[in-house]
> 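Structure in structure tokens, see below.
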2 protein chains.
Amino acid sequence: MGRRSDHSREELEELILSEGQKLMAETGLSRFSAREVAKRVGYSVGTVSNLFAGVDGLIIAINSRTFRLWSDSLEANLHNVTGADRIDALVRGYFEFAEKHLNLWSAIYEHRLPPDMAMPETLAEERTRLTTIVTREVAAILPESEKPEAARLAGSLIATVHGHCGFALIGSFALLNEKDPLGLATDRVHEVLIAHGATL
Amino acid sequence: MGRRSDHSREELEELILSEGQKLMAETGLSRFSAREVAKRVGYSVGTVSNLFAGVDGLIIAINSRTFRLWSDSLEANLHNVTGADRIDALVRGYFEFAEKHLNLWSAIYEHRLPPDMAMPETLAEERTRLTTIVTREVAAILPESEKPEAARLAGSLIATVHGHCGFALIGSFALLNEKDPLGLATDRVHEVLIAHGATL
DNA sequence: TATCACAATTATACACTGTTCAATTAAAAA
DNA sequence: TTTTTAATTGAACAGTGTATAATTGTGATA
């Protein structure tokens, strides 16, 4: 009988999430196990499963957390950076977070919701936050006439960087002897922004 | 005793691969099961596991197959298309294949090799083939001075389209009320190619 | 304070998964 | 026909997630 009421419900959620994220960072999604998380926090499997409505719910909650960590890290990268360098800082920040937290970052994109389950509001919000940051920065260097397109363009640029980052991490670029995926991504972003009237 | 030597080793591999790909298309990677494949082909689990050196080997073989299907489909899309339209046909072909074979396509990128296992030659070849197609088409519309950059640029453009395609399929664009990810990807590719001197 | 009711937590059972390997069995060789 | 060889199996094992009946601690009630 492990530890009944050693923690409030909220403390327990926090404990499971925190330990779960650690495990995810160690093992990656494919070897992640709710049972192992339960073992580590000293509660039973049932408790973990109930509290997050199944392992999928737990993974989603962990991924939300990772998203927040990521957004925070991006914002931090912008400190003391001015002008067009801010765009480069975002691209670099995207890559650096993914490289540093490979398993956590990959889990976000490897996990697929069960067909019946809709994307929970909390995860949607965290995702939107990252987009908002980029949209703000893109709008800042676009000429007035193009500003209405900032949101669309930001989404598209994130997708562009995301593609390069993903390929870099799974080794697709290595296969082509490409040694500077970050440089490639940065160049693409510059070209697109210039095509839309930005001055870099 | 199901069916000893009803098939040669090669026939059996083909049978398992074919049925395995069907199952992958039905269930997606996360619910894919080597046991279920064995059941469907009427052989035992051990046979399937031995023949492909574990479930990871089977998945890799299936993904290689999917890659070939994809390359073939891209080449087919180029038939009777000329000039700059060929680039657009490739972008559209990328999206269409992924949409039509969502589970097969996703499995390619969701599966991660065990840390000890190197990428098998066969999979590497299939991946390279897709790149070769794109490089050829990119080189064709680049001015002479830029042709040496065709391979690098092709890799980068694939990554760009891939990012848009992936985001479209997991719903990231829907979250931003973006209704035309393919249009976005096509626009980016045009802008980049023009920046490199192509005439579209 | 003693009792009760409720809610949290557990233990257990179930149906799966992939891997391994001794035992079996069919086909090929002698 | 007998022996050898190699493919194939079946069973055991250690995991997985989910569901649920049985427990148990806690806070409210008398």
Side-chain angles (χ1 to χ4, degrees), chain A residues 1-17 19-21 23-24 26-63 103 107 110-117, chain B residues 1-17 19-21 23-24 26-63 103 107 110-117:
Chain A
M1 193 69 45
R3 45 207 297 188
R4 189 187 299 270
S5 291
D6 281 7
H7 311 89
S8 73
R9 190 177 191 102
E10 278 161 11
E11 284 172 335
L12 183 50
E13 278 188 15
E14 169 58 28
L15 180 62
I16 292 174
L17 241 45
E19 211 63 41
Q21 194 171 37
L23 179 63
M24 184 69 84
E26 289 172 25
T27 66
L29 180 61
S30 72
R31 293 179 220 299
F32 179 82
S33 151
R35 275 191 127 98
E36 176 64 25
V37 174
K39 198 177 294 179
R40 294 194 182 190
V41 298
Y43 278 79
S44 78
V45 210
T47 301
V48 173
S49 199
N50 289 337
L51 213 47
F52 291 89
V55 73
D56 278 307
L58 176 55
I59 292 170
I60 289 169
I62 291 173
N63 284 346
N103 281 335
E110 283 168 14
H111 183 248
R112 288 211 283 161
L113 302 166
D116 51 339
M117 191 180 204
Chain B
M1 193 70 43
R3 46 204 300 189
R4 189 187 298 270
S5 292
D6 282 7
H7 311 88
S8 73
R9 191 178 190 101
E10 277 160 12
E11 284 172 337
L12 182 51
E13 278 187 16
E14 168 58 28
L15 180 62
I16 293 174
L17 240 42
E19 211 61 42
Q21 195 172 38
L23 179 63
M24 185 68 85
E26 289 173 23
T27 66
L29 180 61
S30 73
R31 292 180 220 298
F32 179 82
S33 151
R35 273 193 129 97
E36 177 64 23
V37 173
K39 198 178 295 177
R40 294 195 182 189
V41 297
Y43 278 80
S44 77
V45 210
T47 301
V48 173
S49 201
N50 288 338
L51 214 47
F52 291 89
V55 73
D56 277 308
L58 176 55
I59 292 170
I60 288 169
I62 291 173
N63 284 347
N103 281 336
E110 282 168 14
H111 182 247
R112 288 212 283 161
L113 302 166
D116 50 340
M117 190 179 204

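Please read all numbers here as calculations on a predicted model, not as lab measurements. Below, read A as the first sequence line, B as the second, and so on, with proteins coming before strands; counting in each chain starts at 1.
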> When all nucleic acid strands are considered with a 4.0 Å heavy-atom cut-off, which category describes Ser44(B): base, sugar-phosphate, or nothing?
base
> How many whole angstroms separate atom CG of Leu29(A) from atom P of dG17(D)?
11 Å
> Nearest whole Å is fine: how far is dT18(D) P from Met117(A) CE?
10 Å
> Can you tell me the distance, in whole Å, between the CZ atom of Arg9(B) and the C1' atom of dA26(C)?
16 Å
> Pairing donors with acceptors under 3.5 angstrom, does anything connect the side chains of Arg112(A) and Asn103(B)?
yes
> In this structure, how many angstroms lie between the C1' atom of dG18(C) and the NZ atom of Lys39(B), rounded?
14 Å
> Measure the distance from CG on Leu51(B) to C1' on dG18(C) and round it to the nearest whole Å.
16 Å
> From dT9(D), dT10(C), dT18(D), pick the nucleotide closest to the side chain of Tyr43(A)?
dT10(C)
> Counting only side-chain nitrogens and oxygens, does Arg35(A) get under 4.0 Å of the OP1 or OP2 atom of dG15(D)?
no
> Base, sugar-phosphate, or nothing for Thr47(A), non-hydrogen atoms under 4.0 angstrom?
base
> Give me the atom names and distance for the closest heavy-atom approach of Ser33(B) to Leu23(B).
O-CD2, 3.5 Å
> Testing the basics here: between Val55(B) and Ala34(B), what is the closest heavy-atom pair and its distance to 0.1 Å?
CG2-CB, 3.8 Å
> Whole Å only: how far is the CG atom of Asn50(A) from the P atom of dA11(C)?
14 Å
> Taking the side chain of Val55(B) as heavy atoms from C-beta outward, which of dT9(D), dT9(C), dG18(C) is closest to it?
dG18(C)
> Considering non-hydrogen atoms only, spot the tightest contact between Ala61(B) and Leu17(B) and give its length.
CB-CD1, 3.6 Å
> Can you see if the side chain of Ser33(B) gets near the phosphate of dG18(C) - specifically, an N or O under 4.0 Å from OP1 or OP2?
yes
> Respond yes when some side-chain nitrogen or oxygen of Ser49(B) is under 4.0 Å from OP1 or OP2 of dG18(C), and no when none is.
no
> Provide, to the nearest angstrom, the distance between the CD atom belonging to Glu11(B) and the P atom belonging to dT8(D).
11 Å
> Nearest-Å distance, CG (Asp56(A)) to C1' (dT18(D))?
12 Å
> Quick check: does any side chain N or O of Ser49(A) sit under 3.5 Å from a backbone N or O of Val45(A), one acting as donor and the other as acceptor?
no
